2 protein chains.
Amino acid sequence: MFENQIRNKLVEKGMKVTPQRMAILEAIEILNNHPTAENIIEFIRKNHPNISTATVYKVLEALVENNLVKKVKTDRDVMRYEAISDHHHHLYCAESDRIEDYFDSELNEIIGNYFKKRNIPNFRIEEVKLQIIGKFLNDETSINQQIHLPDNK
Amino acid sequence: MFENQIRNKLVEKGMKVTPQRMAILEAIEILNNHPTAENIIEFIRKNHPNISTATVYKVLEALVENNLVKKVKTDRDVMRYEAISDHHHHLYCAESDRIEDYFDSELNEIIGNYFKKRNIPNFRIEEVKLQIIGKFLNDETSINQQIHLPDNK
DNA sequence: TATTAAATAATAATTATTCTTATTTAGTAA
DNA sequence: TTACTAAATAAGAATAATTATTATTTAATA
Ligand SMILES: [Mn+2]
Ligand SMILES: [Mn+2]
Ligand SMILES: [Zn+2]
Ligand SMILES: [Zn+2]
C-alpha cells in the first residue's frame, strides 16, 4: 500500500514518522513535476488544512538531508523539489520554466564509461547530471509526462 | 585593451554603454568564479562606490537577455552569474557551493553525436550542459581555476 | 503510561530580488 | 556643439521566498 511505502522510507532513514512528513513526501511523489514549496502546500492543504508553511520548509530540508528528496533549481528564484528516483536527467525550458525527467540508460552508460577513463584532477565525481535545455514542442497540458527512451540501438 | 573589449561586447549587442554596465561585465569576467549579485556589488563598489543594488540586478537581467551573461544555478537560494564563454560544464560541490568550469571538447563531441542520432520526442535541444557533482579534493584557496582537459585520446 | 527529544504551529525576521518614481545620461541629430 | 529623448540609474519601498524563534504538541521508547 502506497501509504506504507512512504512510511517505510522515513523509517529506513531513522526519521520520525509524522503526518506532515508523510503528506509532504506523498505530495512530491504524486505531483511528480518538480513542485515548489508553494505547490506542495496547496496540494496538501486539501486533506491537511492546518499545516504550517514553516513546517513544510523544515520538512523539505529534513527530507533533502536524508536523501529522500532533491532540490532542483531553475532560472527563477524559487526552489523546486523531486522525490529521489532512478538516475535521470532534466529537460528544461527557461521560457516556460517547465522541467521534465529524461531517463536514458544508454546515455548513462556512455557517460559513465567516459568518466571511468577520463580522470578529473582534484575532483571526486559522485554524480553526473545533464541539463538538456531547449523548447518543448507540445503544449503545457501534457505536463507530468516522463520521457523514457527505449533502448533502440 | 580590456576595457575596450568589454565596451565592444555591449556595442555589438546594441546596448547603451554605461559605466555601470561596463563595471558589472568586467567584474564578472575578472572574478571569474560564478559570483552572486552581492559578490559583484562588493567588488565594484571599490571603484564605483555609488552604484545601486537595484541597478546591478537590472543590469544583470539586461546582460542575460543579451546573451553576454548566463545564470548559474546551485542548490542554494542565490543566483550566480558567469560571462558567456566557450561551451563548458560545471564541477559542483553542494557542501562548499563551489563551482569550477570544466572544458572538455572530446566529451562535447560524444554528447553532440549522441543527440544527433537520438531524438527526444516533443523537444528541441538548444544546449546540453553537465553538472558534475562531487567533492573537490584540494582546498578552497585554489579557487578560480579552470579545468581544461588536454585531448589525450 | 510516563518521559523526553524532536517536530510542529504561529508568527516574526531575514534575504534576495523586484518595483516605483524622480533624476540623470548616452546616443543621436539638428 | 548643443539640444533632445528614450533609456538607464539611484534611492528607497515593496514583495516573495525562505529561515529563525519559541511555545506547544507529539512520536518513539522504556
Ligand atoms: Mn525572492
Ligand atoms: Mn529567495
Ligand atoms: Zn527530475
Ligand atoms: Zn561556468
Side-chain angles (χ1 to χ4, degrees), chain A residues 3-4 6-27 34-42 44-45 47-66 68-81 94 97, chain B residues 3-4 6-27 34-42 44-45 47-66 68-69 71-81 97:
Chain A
E3 194 184 295
N4 264 323
I6 290 184
R7 162 172 282 110
N8 283 338
K9 289 183 185 179
L10 295 169
V11 171
E12 279 167 25
K13 297 292 182 176
M15 297 175 75
K16 270 194 188 176
V17 177
T18 68
Q20 293 84 350
R21 286 173 170 183
M22 297 275 292
I24 291 166
L25 189 48
E26 183 179 302
H34 312 91
T36 64
E38 203 49 55
N39 298 150
I40 294 166
I41 290 167
E42 188 188 352
I44 65 190
R45 288 231 167 109
N47 298 313
H48 212 290
N50 296 321
I51 195 165
S52 161
T53 300
T55 299
V56 173
Y57 282 100
K58 281 214 75 193
V59 166
L60 286 169
E61 260 336 294
L63 294 172
V64 169
E65 285 293 294
N66 287 279
L68 290 172
V69 163
K70 277 192 184 178
K71 292 185 171 186
V72 179
K73 189 96 178 23
T74 73
D75 281 359
R76 316 253 174 119
D77 179 33
V78 206
M79 194 59 73
R80 296 172 64 172
Y81 300 87
D97 208 45
Chain B
E3 195 183 295
N4 266 323
I6 290 182
R7 163 171 281 109
N8 284 338
K9 290 183 183 178
L10 294 169
V11 171
E12 280 168 24
K13 298 292 183 176
M15 298 175 75
K16 273 195 187 175
V17 177
T18 67
Q20 292 83 352
R21 287 172 171 182
M22 297 275 294
I24 290 165
L25 189 47
E26 183 179 304
H34 314 89
T36 64
E38 203 48 56
N39 297 149
I40 294 165
I41 290 168
E42 187 188 352
I44 284 179
R45 288 235 166 106
N47 298 314
H48 212 287
N50 298 320
I51 195 166
S52 161
T53 300
T55 299
V56 173
Y57 280 100
K58 281 214 73 192
V59 167
L60 286 169
E61 260 335 293
L63 294 172
V64 169
E65 284 293 293
N66 287 280
L68 290 172
V69 163
K71 292 186 171 185
V72 179
K73 293 134 247 166
T74 73
D75 283 355
R76 313 250 176 126
D77 181 33
V78 206
M79 193 57 72
R80 295 172 65 170
Y81 300 88
D97 208 45

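Bear in mind that the values here come from a model prediction, so they are computed numbers and not experimental data. Every chain is numbered from 1 and lettered A, B, ... according to where its sequence line falls, protein lines coming before strand lines.
Residues passing the side-chain contact (heavy atoms from CB on, under 4.5 Å) test with Lys73(A) are Met79(A), Lys73(B), Met79(B), sequence neighbours excluded. With sequence neighbours excluded, the residues forming a side-chain hydrogen bond (donor to acceptor under 3.5 Å, both in side chains) with Asp97(A) are Thr74(A), Arg80(A), Tyr92(A), listed by chain and number. The side-chain hydrogen bond (donor to acceptor under 3.5 Å, both in side chains) search around Lys71(A) returns Glu61(A), not counting sequence neighbours. Applying the side-chain contact (heavy atoms from CB on, under 4.5 Å) test to Gln20(A) and every residue at least two apart in sequence or in another chain returns Thr18(A), His48(A), Ile51(A), Thr55(A). Qualifying side-chain contact (heavy atoms from CB on, under 4.5 Å) partners for Glu38(B), counting only residues two or more places apart in sequence or in other chains: Thr36(B), Ile41(B). With sequence neighbours excluded, the residues forming a side-chain contact (heavy atoms from CB on, under 4.5 Å) with Ala54(A) are Ser52(A), listed by chain and number. Residues passing the salt bridge (Lys or Arg N to Asp or Glu O under 4.0 Å) test with Lys58(B): none are found, sequence neighbours excluded.
Taking the screw axis at each terminus of the helix from dT1(C)-dA30(D) to dA30(C)-dT1(D) from five consecutive base pairs, the angle between the two is 40° to within rounding of 10 degrees.
Between Glu65(A) atom CD and dA7(C) atom P there is a gap of 12 Å when expressed in whole angstrom units. Atom NE2 of His48(B) is separated from atom C1' of dT9(D) by 10 Å (rounded to the nearest Å). As rounded to whole Å, 17 Å separates atom C1' of dA17(D) from atom CZ of Arg76(B). Between the CE atom of Met22(A) and the C1' atom of dT8(C) there is a distance of 17 Å, given to the nearest Å. Atom CG of Leu60(B) and atom P of dT9(D) are 11 Å apart (whole Å). Distance, Ile24(A) CD1 to dA9(C) C1': 13 Å, rounded to whole Å. Atom pair Lys73(A):NZ and dA17(D):P shows a separation of 12 Å (rounding to whole Å applied). In this structure, Gln20(B) atom CD and dA7(D) atom P are separated by 17 Å, rounded to whole Å.
Residue whose closest nucleotide on DNA chain C sits further toward the 5' end, between Arg21(A) and Arg80(B): Arg21(A).
Under the salt bridge (Lys or Arg N to Asp or Glu O under 4.0 Å) criterion, no residue pair touches residues 47-56 of chain A, with sequence neighbours excluded. Counting only residues at least two apart or on different chains, the side chain to side chain donor-acceptor pair (under 3.5 Å) pairs with a member in residues 6-16 of chain B are Lys9(B)-Glu29(B).
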Distances under 3.5 Å between nitrogen or oxygen atoms of protein and nucleotides 1-3 of chain C:
none

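For dA9(C), the OP1/OP2 oxygens have a side-chain nitrogen or oxygen of Thr55(A) closer than 4.0 Å.
Counting heavy atoms from C-beta on, the side chains of Ile40(A) and Leu60(A) come closer than 4.5 Å. In this structure, the side chains of Leu63(B) and Met15(B) come closer than 4.5 Å at one or more pairs of heavy atoms.
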A correct 5'-to-3' footprint of nucleotides 19-30 of chain D, with B, S and - meaning base, sugar-phosphate only and no protein heavy atom under 4.0 Å, is BB------BS--
